[in-house]
Visitor: 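I have a structure I would like to understand better, so I am pasting it below and will then ask my questions one at a time.
Residue numbering restarts at 1 for every chain, and letters A, B, ... go by the order of the sequence lines. The shown structure was predicted, so the numbers you read here are calculated from the model rather than taken from an experiment.
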Protein chains: 2
Amino acid sequence: MGGRESCDMRGMLSFQILWLLSKGKMHGEMIAEEIEKRRGEKPKPGTLYPALKELSNKGLINGSRRGKIIVYSITSDGRAAVKVATNYFCRSFGDIFEENERK
Amino acid sequence: MGGRESCDMRGMLSFQILWLLSKGKMHGEMIAEEIEKRRGEKPKPGTLYPALKELSNKGLINGSRRGKIIVYSITSDGRAAVKVATNYFCRSFGDIFEENERK
DNA sequence: TTAAATGTATAGGTTATCCTATATATTCAG
DNA sequence: CTGAATATATAGGATAACCTATACATTTAA
């Protein structure tokens with residue numbers, strides 16, 4: 001099911017979170033669900049929230065509590081970072097996708 | 001230059017090696033150069049060779065020495081693995097590329 | 001034959017990404 | 001007000017992915 005049995009392929013979590021937040025504000029649970037749509041599995045709370053905290057500590061996102069939930073938005077530093085990171089990502093792995101597109 | 005100052009984005013090394021080897025046989029240095037073309041930096045020997053060893057231990061690749069160099073090829077298990085992993089990868093991160101393509 | 005260059009390997013260490021398990025905070029139904 | 005549900009947080013631990021530095025093996029040039 002996953003795709004990581006043979007090849008661990010860990011990583012990219014913070015990048016993916018930042019990329020998702022560059023598309024719009026979300027709270028933690030929504031982020032988890034968006035990741036689930038893509039990866040097939042929800043990141044566990046103990047994985048997601050520390051990552052959100054790190055991004056927050058770096059000033060790339062910030063959260064504001066609205067009752068039960070905390071809505072995260074990307075900062076301008078975060079926008080700059082996600083742009084650079086996306087370029088790097090596409091340059092590094094673009095051909096893997098191109099091949100997939102052409103089939 | 002890099003793209004990892006703000007977002008660590010580590011990972012994918014074994015997957016990328018396996019993907020490269022699914023395109024043809026290569027020795028370590030060639031693999032390092034192919035990765036450099038994409039990521040902008042060569043993985044250091046202390047990064048690359050342990051990764052090759054791991055893939056070898058898992059039976060996904062095997063190497064045969066030709067004098068100074070060791071030529072690695074993907075095994076049939078490796079082909080199966082890279083197929084599954086590529087699907088996972090594209091499903092997980094495809095939209096990041098699509099956006100980049102459309103600009 | 002020796003020195004330099006090239007390719008591979010290993011020892012030892014750091015960190016992000018993942019986990020499980022538990023705890024806290026807020027809302028909402030009864 | 002209480003209990004259940006939802007959302008967030010934290011403690012503690014595992015491992016892949018990276019590093020630097022060093023060593024070894026093979027070829028090639030002098």
Visitor: Provide the full list of side chain to side chain donor-acceptor pair (under 3.5 Å) pairs with a residue in residues 71-80 of chain A, sequence neighbours left out, each pair given once.
Guide: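 The answer is none; no pair qualifies.
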Visitor: Would you say A:K53 reaches D:dA9's phosphate, i.e. side-chain N/O to OP1/OP2 under 4.0 Å?
Guide: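 Checking D:dA9 against A:K53, no side-chain N or O comes under 4.0 Å of OP1 or OP2.
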Visitor: Find the distance A:E54:CD to D:dT8:P and express it as a whole number of Å.
Guide: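 Rounded to the whole Å, the gap is 18 Å.
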Visitor: Nearest whole Å is fine: how far is D:dT8 P from A:L48 CG?
Guide: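 Between P of D:dT8 and CG of A:L48: 8 Å.
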Visitor: For the pair made of CG in B:N57 and P in C:dA9, what is the distance, rounded to whole Å?
Guide: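 In whole Å, C:dA9 P and B:N57 CG are 11 Å from each other.
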Visitor: Using the rule that Ile, Leu, Val, Met, Phe, Trp and Tyr join whenever any side-chain heavy atoms are under 4.5 Å apart, tell me whether A:Y49 and A:I69 fall into a single cluster.
Guide: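 No, A:Y49 and A:I69 fall in different hydrophobic clusters.
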Visitor: How long is the span from the CD1 atom in A:I31 to the CD1 atom in A:I61, to the nearest 0.5 Å?
Guide: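 It is 6.5 Å, given to the nearest 0.5 Å.
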Visitor: Look only at the side chain of A:Q16 and the backbone of B:S92, and say whether a donor-acceptor pair between them is shorter than 3.5 Å.
Guide: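 Answer holds: yes.
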Visitor: Quickly work out the B:M12 CE to D:dA17 P distance and round it to whole Å.
Guide: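 The distance from CE of B:M12 to P of D:dA17 comes to 9 Å, rounded to the nearest Å.
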Visitor: Parallel, tilted or perpendicular for B:F89 and B:F15, by the 30°/60° rule?
Guide: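 The rings of B:F89 and B:F15 sit tilted, inter-plane angle from 30° to 60°.
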Visitor: Rounded to the nearest angstrom, tell me the gap between atom CG in A:L60 and atom P in C:dA16.
Guide: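 Going from A:L60 (CG) to C:dA16 (P), I get 13 Å.
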Visitor: Please answer: with hydrophobic residues joined when any side-chain heavy atoms are less than 4.5 Å apart, are A:L20 and A:M30 in the same cluster?
Guide: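 A:L20 clusters together with A:M30.
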Visitor: Could you state the atom-to-atom distance from CG of A:L52 to P of C:dA16 in whole Å?
Guide: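 To the nearest whole Å, that distance equals 15 Å.
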Visitor: May I ask you to decide whether B:E33 forms a salt bridge with B:K37, counting only side-chain N to carboxylate O separations under 4.0 Å?
Guide: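 No, no charged N to carboxylate O under 4.0 Å.
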Visitor: Quick one: closest heavy-atom pair of B:T86 and B:W19, and the distance?
Guide: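 That closest heavy-atom pairing would be OG1-CD1, 4.0 Å.
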Visitor: Quick one: is C:dT17 close enough that its OP1 or OP2 comes under 4.0 Å of any side-chain N or O from A:S14?
Guide: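 Result: yes.
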Visitor: With sequence neighbours excluded, tell me which residues meet salt bridge (charged side-chain N to carboxylate O under 4.0 Å, His left out) with B:K23.
Guide: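 Result, salt bridge (charged side-chain N to carboxylate O under 4.0 Å, His left out) vs B:K23: A:E99.
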Visitor: Heavy-atom nearest nucleotide on DNA chain D for A:I69 versus A:P50: which residue maps closer to 5'?
Guide: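 On the 5' side of the pair lies A:I69.
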Visitor: With sequence neighbours left out, write down each residue that passes side chain to side chain contact (heavy atoms under 4.5 Å, CB included) with A:E36, or none if nothing qualifies.
Guide: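 A:K42.
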Visitor: Do the side chains of A:L55 and A:I74 get nearer than 4.5 Å, heavy atoms only?
Guide: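 SC-SC contact between A:I74 and A:L55 ruled out.
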Visitor: Check DNA chain C against residues 22-30 of chain B and give the residues with a non-hydrogen atom under 4.0 Å, in numerical order.
Guide: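 Hits under 4.0 Å, by residue number: B:H27, B:G28, B:E29.
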Visitor: Closest approach to the side chain of A:Y49, judged atom by atom: which nucleotide of D:dA17, D:dT8, D:dC18 is it?
Guide: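 So the nucleotide nearest the side chain must be D:dT8.
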Visitor: C:dT17 P sits how many Å from A:K42 NZ, rounded?
Guide: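 The distance from NZ of A:K42 to P of C:dT17 comes to 20 Å, rounded to the nearest Å.
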Visitor: Roughly how many Å is it from CG in B:L13 to C1' in C:dT17, rounded to a whole number?
Guide: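 Rounded to whole Å, this separation is 16 Å.
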Visitor: Compute the angle between the rotation axes at the two ends of the helix from C:dT1-D:dA30 to C:dG30-D:dC1, each taken over five pairs, rounded to 10 degrees.
Guide: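 End-to-end axis angle for the helix from C:dT1-D:dA30 to C:dG30-D:dC1: 10°, rounded to 10°.
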Visitor: Is any side-chain heavy atom of B:L48 closer than 4.5 Å to one of B:I17?
Guide: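 Yes; the side chains approach each other to less than 4.5 Å.
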Visitor: Does the protein touch nucleotides 20-30 of chain D at the base, only the backbone, or not at all? Give it as B, S and - per nucleotide, heavy atoms under 4.0 Å.
Guide: BB----BS---
